[in-house]
Amino acid sequence: TPQGVSWLGFLYGGNIVGAVLGCLLAGFYLLRVHDMATATYVAAAINLTVAGVGLALAGRTAHRPAGLPGMQETPPRAPAAGRVYWAIGLSGLCALGAEVVWTRILSLLLGGTVYTFSIILAVFLAGLGIGSSIGALLARHSRRPRLALGACQLLLMGAIAWTAYVLARSLPYWPIDTTLSRSPWFDFQLDLARCIWAVLPGAILWGASFPLALASVAAPGQDPGRLVGGVYAANTVGAIVGSLAFSMIFVPWIGTQGSQQIMVGLSAFSGLLLLVPLGHAPGAESLARRLATRWPRWVAAAGAAALAALLIWRVPTIPWGLIAHGRHMATYTDYMVPGITPQDQIPPDDGQSQVFCIYAREGRNVSIAVTESSLGVRSFHGAGKVQASNDPQDMRLQRMLGHIVALTHENPESVLVVACGAGVTAGSFVPYPSVRRIVICDIEPLVPQHVAPLFSKENHGVISDPRTRVVYDDGRHFVSTTREKFDIITSDPIDPWVKGCAALNTVEYYQMCKARLKPGGVMALWMPLYESSPDTAKSLISTFFQVFPNGILWSNDIEGEGYDAVLFGQVEPTVIDVDELQQRLDDDAYADVAQSLRDAGFYTVTDLLATYAGRASDLHDWMRGAQINTDRNLRLQYLAGMWLNADQGTDILNGILEHYTFPDDLFLGSSGSVDALRGTLDRTRQVVAKRANR
């Protein structure tokens, strides 16, 4: 009976309570403290325990054969059961589609860490559990559960519109500055509150839909197992279609705004499918009677359709500032100028910079934006932060990443660049006369196609260079499957606190890259010191040096303040002849290389090599106790995800430079060149020491 099967809503709610606990246990403890294998063993042990309890209960429960009194082999279906199956299928489609879309937006707003994803999922599951319990109560006392299910779907279109509004017009403007927090656990409380405010209403309604659907299709004489299995299957098939369609088709095609508009429309359709009286009876008198008794439902349906159209029209697009600045958008609002190109704006008299968006798009894998300030700084944004720019400090790093490896290699011919960004690092190889092949691998097609061309001046037009080949693939997958070997590999992934990026910083990944290097080959890796902690930096550096024990660290600091750095690795011990490098730059064939370096503030080889900060053999004491990042534990993303709002870059750099000694066996050349480099490095270290003392 409808009342009997409604109890399954409570069973579903109990299952989801366990899902919430499991999500939080895995995300905040098992994976953070242990590793994926341990988390898997715990899950397997829990399943084994459940199996044992189930078998024990089955042994104590008498089996009742299918031929029960009143049960029929071909029982009659409940009225409009087919429409209920379609409605619950569409409900599952919208539920998982919404989870995809809302998680994508919330990861910009909160920061795309592993903890953010755990919190979002936990809130969504909690809403399903609450809703299924409420739906079970309604189903037990409702004479018309199908109408209740239809009303629930119509309420969902309002809930989806509510979340769309909250994510675009409310939460990004809450006056929250996460950099003020002294503890990541305080940030997690704010994240939880914001997720509840945005996600919970819709999740509750989707949870209530399941028991109402069960009650809607229940009829005397049916097999309860088949009944539940059919509804659950319809809901699950819809969920699978929704997760794939919205993540792979709708978001890249029409963005999150269009995707949410589709969800509002589908929820309205499924509600009307259940509420509109579609049956008919023969005879004019019967038809007239039906029209007389059902016209209120037709009027209500027309009103619901009109409301759905209004809500679809009013679904807002997410602000470009959220794509560009993510969790810091509220602190940048005063500087953002919507809908105006830089050429149309006169810089303010007070000299305060304003920021304009010149490109914004939600790609299949990441949402990206390109902005330009009224002071001429053009920036590429991904994952809610600046990933590359033509700001002098960023240009230094991007050129360092390319030129240090290209100059120290005797004769580089082939180059692999993992992650395109603005293309500046890849473009630093364009002026080298020996380079014949540049392979750029990026997982998001929009970046090489639309972002890099906007930085063609800074990247020497690398995308259109005939030596360049662009591969759209995950960098790790490409490195592990290509048979090609390279003289140089540079890797510049998104920040290590972004979920999934730790896979591009594991021992196994570095070993793959090492295996793809030719004899004498060099690998370079970007690493941030900002938005990081000492434990995070130690993990990243120690992991790299474990594969490249002769590795070197080059610092891109701002007058002693830690900013970011380059990790340099070579299979063989590295020897750098200062005079030879300077002679190469003085050669007419390297005139464009020298100009590229000067544009980044490196006027001599000494200026470039003076970024030296340390090497593996000198940093053993500093790295002691570091947690190595492997495929099994992905430790880096759990360490980094805790401290993305930290400002400890200078402390990290000071800790590294405390172990600095001039490497006589690394830098060779005439006494004048080596002494000049030694003097420059000593003066730099003194500046850092004075700043640390202050």
Side-chain angles (χ1 to χ4, degrees), residues 397-398 400-421 423 425-426 428-429 435-443 468-496 498 500-528 537 539-554 564-574 615-616 623 626 628-637 640:
L397 183 282
Q398 293 158 168
M400 280 172 60
L401 190 58
H403 286 301
I404 285 178
V405 289
L407 284 172
T408 53
H409 193 285
E410 292 184 359
N411 188 42
E413 295 183 350
S414 58
V415 178
L416 170 62
V417 178
V418 178
C420 178
T425 295
S428 64
F429 300 108
V435 172
R436 299 179 179 178
R437 179 170 171 79
I438 302 172
V439 178
I440 300 175
C441 181
D442 201 291
I443 196 171
T468 300
R469 176 197 172 204
V470 179
V471 177
Y472 301 116
D473 195 1
D474 169 64
R476 182 185 173 110
H477 178 261
F478 177 77
V479 171
S480 66
T481 56
T482 184
R483 296 183 179 181
E484 187 175 359
K485 291 197 173 185
F486 302 90
D487 294 307
I488 293 171
I489 297 177
T490 68
S491 187
D492 188 5
I494 293 178
D495 303 68
V498 177
C501 287
L504 290 174
N505 293 283
T506 65
V507 168
E508 292 81 0
Y509 172 69
Y510 296 147
Q511 289 172 337
M512 293 178 196
C513 292
K514 188 176 181 180
R516 300 265 65 82
L517 288 174
K518 297 178 182 178
V522 190
M523 180 179 181
L525 170 75
W526 167 78
M527 67 164 290
S539 176
L540 203 161
I541 294 172
S542 300
T543 302
F544 185 84
F545 285 167
Q546 182 163 312
V547 178
F548 294 97
N550 302 309
I552 302 170
L553 179 71
W554 310 86
D564 52 15
V566 172
L567 285 168
F568 173 105
Q570 201 166 16
V571 178
E572 304 82 3
T574 302
R615 55 181 175 173
M623 294 186 297
I628 303 301
N629 187 48
T630 67
D631 286 354
R632 177 179 171 127
N633 60 34
L634 293 179
R635 179 66 63 239
L636 183 61
Q637 65 183 0

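We're numbering straight along the sequence, starting at 1.
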Chemist: Measure the acute angle between the ring planes of F478 and F486, then classify it against the limits of 30° and 60° as parallel, tilted or perpendicular.
Modeler: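 Answer is tilted, since the angle falls between 30° and 60°.
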Chemist: Is it the case that T506 and R476 place a side-chain donor and acceptor less than 3.5 Å from each other?
Modeler: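 Distance-only check passes for T506 and R476.
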Chemist: With sequence neighbours left out, write down each residue that passes salt bridge (Lys or Arg N to Asp or Glu O under 4.0 Å) with D495, or none if nothing qualifies.
Modeler: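 Partners of D495 by the salt bridge (Lys or Arg N to Asp or Glu O under 4.0 Å) criterion, ordered by chain and then number, come out as K385.
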Chemist: Using modelled atom types and a 3.5 Å cut-off, is there a donor and acceptor pairing between side-chain atoms of Q637 and backbone atoms of G500?
Modeler: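 Yes, Q637 side chain to G500 backbone: donor-acceptor pair under 3.5 Å.
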Chemist: According to salt bridge (Lys or Arg N to Asp or Glu O under 4.0 Å), who are the partners of R632, at least two apart in sequence or on a separate chain?
Modeler: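 Residues passing salt bridge (Lys or Arg N to Asp or Glu O under 4.0 Å) with R632: D35.
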Chemist: Counting N and O atoms only, with roles assigned by atom type, does the side chain of T425 sit under 3.5 Å from a partner on the main chain of Q398, one being a donor and the other an acceptor?
Modeler: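 Indeed, once roles are kept as given, a pair shorter than 3.5 Å links the two residues.
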Chemist: Can you sort out the partners of R516 under salt bridge (Lys or Arg N to Asp or Glu O under 4.0 Å), two or more places apart, ordered by chain and number?
Modeler: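 Testing R516 for salt bridge (Lys or Arg N to Asp or Glu O under 4.0 Å), a comparison that skips the adjacent residues, returns none.
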Chemist: Tell me if a side-chain donor or acceptor on Q570 pairs with a main-chain N or O of G520 at a distance below 3.5 Å.
Modeler: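 Checked: pair present.
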Chemist: Is it the case that atom CD in E410 sees more than 12 heavy atoms from other parts of the structure closer than 6.0 Å?
Modeler: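 Open: at most 12 neighbouring heavy atoms sit under 6.0 Å from CD of E410.
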Chemist: Run V566 and L397 through side chain to side chain contact (heavy atoms under 4.5 Å, CB included) and show every step you take.
Modeler: CA-CA 8 Å; V566 172; L397 183 282; 3.5 Å; yes
Chemist: Using the test salt bridge (Lys or Arg N to Asp or Glu O under 4.0 Å), find all partners of R437 that sit at least two apart in sequence or belong to another chain.
Modeler: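 E484.
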Chemist: Using the test side chain to side chain donor-acceptor pair (under 3.5 Å), find all partners of D492 that sit at least two apart in sequence or belong to another chain.
Modeler: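 Partners of D492 by the side chain to side chain donor-acceptor pair (under 3.5 Å) criterion come out as none, since no residue qualifies.
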Chemist: Please confirm whether the backbone N or O of V479 pairs with a side-chain atom of T482, one donor and one acceptor, at under 3.5 Å?
Modeler: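 No, because the side chain of T482 does not come within donor-acceptor range (under 3.5 Å) of the backbone of V479.
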Chemist: Run the side-chain donor-acceptor check on residues 540-549: report pairs under 3.5 Å with partners two or more places apart or on a different chain.
Modeler:
{"residue": "S542", "atom": "OG", "partner": "K538", "partner atom": "O", "Å": "2.7"}
{"residue": "T543", "atom": "OG1", "partner": "S539", "partner atom": "O", "Å": "2.6"}
{"residue": "T543", "atom": "OG1", "partner": "N629", "partner atom": "N", "Å": "2.9"}

Chemist: Report the C-alpha distance between N505 and L525 in whole Å, list the side-chain angles of each, state the deciding distance to 0.1 Å, and finish with yes or no for side chain to side chain contact (heavy atoms under 4.5 Å, CB included).
Modeler: CA-CA 9 Å; N505 293 283; L525 170 75; 3.7 Å; yes
